[in-house]
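Notes for the one structure printed next.
Counting starts at 1 for both ligands and their atoms, in listed order.
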Amino acid sequence: MAYSEKAKGYFSTELEGIKEAGTFKEERFIESPQAANIKVEFPTGSPPKEVLNFCANNYLGLSSHPEVVAAAHEGLNERGYGMSSVRFICGTQDIHKDLETKLTEFLGTEDTILFPSCMDANAGVFDVVLGKEDAMIADRLVHASIVDGMRLCKAQLYNYKHSNMEHLEEKLKETQDCRFRLVITDGVFSMDGDIAKLDEICNLADKYDAMVLVDDSHATGFMGKTGRGTHEHCGVLGRIDVITTTLGKALGGASGGCVSGRKEIVELCRQRARPYLFSNTVPPVIVAAASKVLDIISKTTDRRDKLEEHTKYFRAKMTEAGFDIKEGVHPIVPIMLYNAKLAQDMARDLYGEGIYVIGFSFPVVPKGQARIRVQISAGHDREHIDRAIAAFTKIGEKYKILGKQKNEIIEMYGL
Ligand SMILES: *Cc1c(COP(=O)(O)O)cnc(C)c1O
């Protein structure tokens with residue numbers, strides 16, 4: 001037997017280390033569909049409890065929307081369950097092509113290729129676009145899937161300080177001798193909910209003859225006046241060369257992702273992107289439902305408008321209540337607590353009040369930056385938002401942090 005005592009001992013010690021560091025992740029079992037109201041079994045083994053969900057990426061409240069579920073049923077009935085094939089052998093149905101066309105129209109690009117996930121889109125795209133004579137210039141806080149995608153690519157890797165345009169310009173100057181340069185950023189950064197300065201990035205890219213790639217997973221469907229994404233929000237529609245994004249967040253939340261952008265790049269992905277060539281096609285049931293999602297959000301901006309209204313309201317009321325929140329306009333609202341235990345304790349107490357939120361601490365966020373990350377959804381009603389604000393206020397009072405500045409909270413609780 002090759003699974004030796006030595007190997008087993010090593011893995012066990014690693015697991016113990018994770019537990020000792022306080023970063024061991026426990027899954028929580030939800031016994032209902034994804035929605036504003038969910039039933040959660042927590043701690044595991046306790047009877048399920050009804051809580052309001054404030055930690056899903058269900059930004060538009062479409063994850064269990066009746067029309068989306070009906071479209072999924074129809075897709076299942078008409079096109080079956082699985083395709084048992086990758087796209088280029090016998091895994092492409094007409095509905096895959098339709099969805100790609102709808103995504104292209106919605107995102108305002110030239111063409112789109114579906115991937116099993118955005119993680120796969122990011123794993124595939126860099127190696128297709130760039131070779132060793134080229135440079136990738138990435139924001140230091142890009143998503144893990146971009147980091148992995150860049151590792152699979154032979155181009156030279158540069159990074160710039162988070163959203164620091166002077167530093168980006170320095171890197172663009174440094175790489176003038178490369179054949180192609182690609183500036184790489186998330187549209188919205190998931191821990192702070194802050195938005196990339198895409199207008200300035202595009203201007204710099206024009207000035208230095210570089211291409212731009214944006215991962216818009218936390219923006220597609222609701223950022224910008226008609227929800228097209230961060231590029232719409234920043235007024236640079238049509239200027240982003242490559243957009244990668246997910247169907248797994250606002251767009252129904254099942255799974256799937258895409259690369260959308262310049263048509264030659266997308267076409268080359270169809271020829272060479274490894275997760276596209278060697279991983280199974282997105283199942284018809286998801287394609288049918290995602291297609292319905294795009295119909296819904298292309299027809300009306302009601303959902304993204306409601307989300308924006310909720311977000312403004314929640315941010316204003318929480319600030320008024322005396323919480324230290326990171327400023328911004330995104331439905332990711334970080335409630336800053338700095339101390340990891342305080343974040344855990346408050347999240348637990350909020351759960352007791354029927355509000356489901358998660359405390360984030362190192363290594364998910366930098367040391368001394370612990371927080372509760374609230375995510376607002378168009379699936380919430382105003383009454384849900386009010387209940388969350390009331391519960392936060394009650395628990396904030398308990399911990400005596402209302403109206404306190406950063407240094408005061410750190411003085412009370414330490415880092
Ligand atoms: C969620 C997320 C992904 C991963 O999307 P999947 O489709 O679930 O693989 C990739 N990039 C960013 C920025 C994300 O937020």
Counting non-hydrogen protein atoms only, what is the nearest one to atom 3 (C) of ligand 1? Give residue, atom name and distance.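 Protein heavy atom with the smallest distance to atom 3 (C) of ligand 1: His143 CE1, 3.5 Å.
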Find all atoms of ligand 1 within a distance of less than 4.0 Å from any non-hydrogen atom belonging to [X], and give their numbers and elements.
X	answer
Gly256	7 (O)
His218	15 (O)
Ser145	10 (C), 11 (N)
Lys249	1 (C), 2 (C), 3 (C), 14 (C), 15 (O)
Asp186	13 (C)

Just heavy atoms, cut-off under 4.0 Å: does Met119 contact ligand 1 by side chain, backbone, both, or neither?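 Under 4.0 Å from ligand 1, Met119 contributes backbone and side-chain atoms.
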Is it the side chain (CB and beyond), the backbone, both or neither of Ser117 that lies under 4.0 Å from ligand 1, heavy atoms counted?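 The answer is both, backbone and side chain.
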Exam field: side chain [X] to backbone [Y], donor-acceptor pair closer than 3.5 Å:
X	Y	result
His231	Gly224	no
His310	Leu307	no
Asp120	Pro275	no

Using 4.0 Å as the upper bound for N to carboxylate O, is an ion pair formed by Glu100 and Arg87?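 A salt bridge is present here (some side-chain N lies under 4.0 Å from a carboxylate O).
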Is the shortest distance from a Lys or Arg side-chain nitrogen in Asp192 or Arg371 to a carboxylate oxygen in the other one below 4.0 Å?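 Counted as a salt bridge, because a side-chain N and a carboxylate O are separated by less than 4.0 Å.
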Output yes when the distance from some N or O of ligand 1 to some N or O of Cys118 is under 3.5 Å, and no in every other case.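 In this structure, Cys118 places an N or O atom under 3.5 Å from an N or O of ligand 1.
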Which is closest to atom 8 (O) of ligand 1 in terms of heavy atoms, Thr244, Thr246, Leu247?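 Ranked by closest heavy atom to atom 8 (O) of ligand 1, first place is Thr246.
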Minimum distance, heavy atoms only, to atom 11 (N) of ligand 1: which one of Ile146, Asp215, Asn57 is it?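 Nearest option to atom 11 (N) of ligand 1, by heavy atoms: Asp215.
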Taking the six-membered ring for Trp and the full ring for Phe, Tyr or His, determine whether the centres of Tyr351 and Phe42 are under 6.0 Å apart.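 When the ring centroids of Tyr351 and Phe42 are compared, they turn out to be within the sub-6.0 Å range.
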Are Ser255 and Ser117 close enough that a side-chain donor and a side-chain acceptor fall under 3.5 Å?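 No - no donor-acceptor pair under 3.5 Å links their side chains.
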Would you say the side chains of Thr101 and Asp98 form a donor-acceptor pair under 3.5 Å?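 No donor-acceptor contact under 3.5 Å links the two side chains.
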Does ligand 1 have an atom that lies less than 4.0 angstrom from a heavy atom of Ala144?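 The answer is no: ligand 1 sits nowhere under 4.0 Å from a heavy atom of Ala144.
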